[in-house]
**Student:** 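Before I ask anything, let me first share the structure, which is written out below as structure tokens.
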Amino acid sequence: QEQLVESGGGLVQVGGSLRLSCVASGMIFSINSMEWYRQAPGKQRELVASISSRGKINYAHSVKGRFIISRDNAKNTVYLQMHDLEPEDTAVYYCHALAYPFLWGQGTQVTVSP
């Protein structure tokens with residue numbers, strides 16, 4: 001059935017970059033609007049970026065200009081390219097398909113440290 005698998009997180013210094021990937025299965029990926037969320041300890045899960053099936057993109061103000069969301073429908077994959085990382089970006093990052101509100105992957109940990 002439907003599954004989302006995030007990868008690409010890790011430990012990076014302030015100002016560094018990471019690229020997160022999320023592979024979807026069990027769905028027609030190309031018609032799904034996809035999102036990246038993140039959740040830091042003690043905080044609510046927040047929407048970071050979204051990309052529609054037509055390629056319309058939105059970003060949270062906190063990441064605008066630093067993060068880039070993209071998708072490769074041939075690979076059933078949505079990416080989050082992160083630049084100029086800040087300690088406030090530290091969180092578990094999850095991808096999400098809008099049509100599957102209760103479907104979440106395991107997430108991938110991003111830790112930004114001096």
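What you are looking at is a predicted structure, and each value in this text was computed from that prediction instead of being measured.
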**Student:** State, with a plain yes or no, whether a side-chain heavy atom of M34 is found less than 4.5 Å away from one of F29.
**Tutor:** yes
**Student:** Which pair of heavy atoms, one from S30 and one from S53, lies closest together, and at what distance?
**Tutor:** O-CB, 3.4 Å
**Student:** Could you pull out all residues at least two apart from S62 that satisfy side-chain contact (heavy atoms from CB on, under 4.5 Å)?
**Tutor:** R38, A60
**Student:** State, to 0.1 Å, how close L103 and Q3 come at their nearest heavy-atom pair, and which atoms those are.
**Tutor:** CD2-N, 4.2 Å
**Student:** Find out whether Y59 and I69 are in side-chain contact, i.e. whether some heavy atom of one side chain is under 4.5 Å from a heavy atom of the other.
**Tutor:** yes
**Student:** Would you say W36 ends up clustered with I57 if hydrophobic residues are merged whenever their side chains have heavy atoms under 4.5 Å apart, either directly or through other cluster members?
**Tutor:** yes
**Student:** With sequence neighbours left out, what residues match S52 under side-chain contact (heavy atoms from CB on, under 4.5 Å)?
**Tutor:** S33, R54, K56
**Student:** What's the separation between atom CD in Q39 and atom CZ in R45, rounded to the nearest 0.5 Å?
**Tutor:** 4.5 Å
**Student:** Does E6 reach the main-chain N or O of T108 with its side chain, forming a donor-acceptor pair under 3.5 Å?
**Tutor:** no
**Student:** Could I get the full list of side-chain contact (heavy atoms from CB on, under 4.5 Å) partners for A99, not counting sequence neighbours?
**Tutor:** N32
**Student:** Residues in salt bridge (Lys or Arg N to Asp or Glu O under 4.0 Å) with R66, at least two apart?
**Tutor:** E86, D89
**Student:** At their closest point, which heavy atom of L80 faces which heavy atom of A49, and how far apart are they?
**Tutor:** CD1-CB, 4.2 Å
**Student:** Just wondering, do V78 and I51 contact through their side chains at under 4.5 Å, heavy atoms?
**Tutor:** yes
**Student:** Does Y37 sit in a hydrophobic cluster with other residues, and if so which ones, taking ILVMFWY side chains as linked at heavy-atom separations under 4.5 Å, directly or through other members?
**Tutor:** L47, V92, Y94, W104
**Student:** Evaluate the side-chain contact (heavy atoms from CB on, under 4.5 Å) criterion for residues M27 and Y100: first the C-alpha distance (whole Å), next the side-chain angles of each, then the deciding distance (0.1 Å), finally the verdict.
**Tutor:** CA-CA 10 Å; M27 65 180 74; Y100 298 85; 3.6 Å; yes
**Student:** Check residues 11-24 and write down every donor-acceptor pair under 3.5 Å in which the side-chain atom is one partner and the other belongs to a residue at least two apart or another chain.
**Tutor:**
| residue | atom | partner | partner atom | Å |
| --- | --- | --- | --- | --- |
| S17 | OG | H83 | ND1 | 2.9 |

**Student:** Does a side-chain heavy-atom distance below 4.5 Å link F67 with L85?
**Tutor:** yes
**Student:** E88 vs V112, test: side-chain contact (heavy atoms from CB on, under 4.5 Å). Steps then yes/no.
**Tutor:** CA-CA 8 Å; E88 293 75 18; V112 184; over 6 Å; no
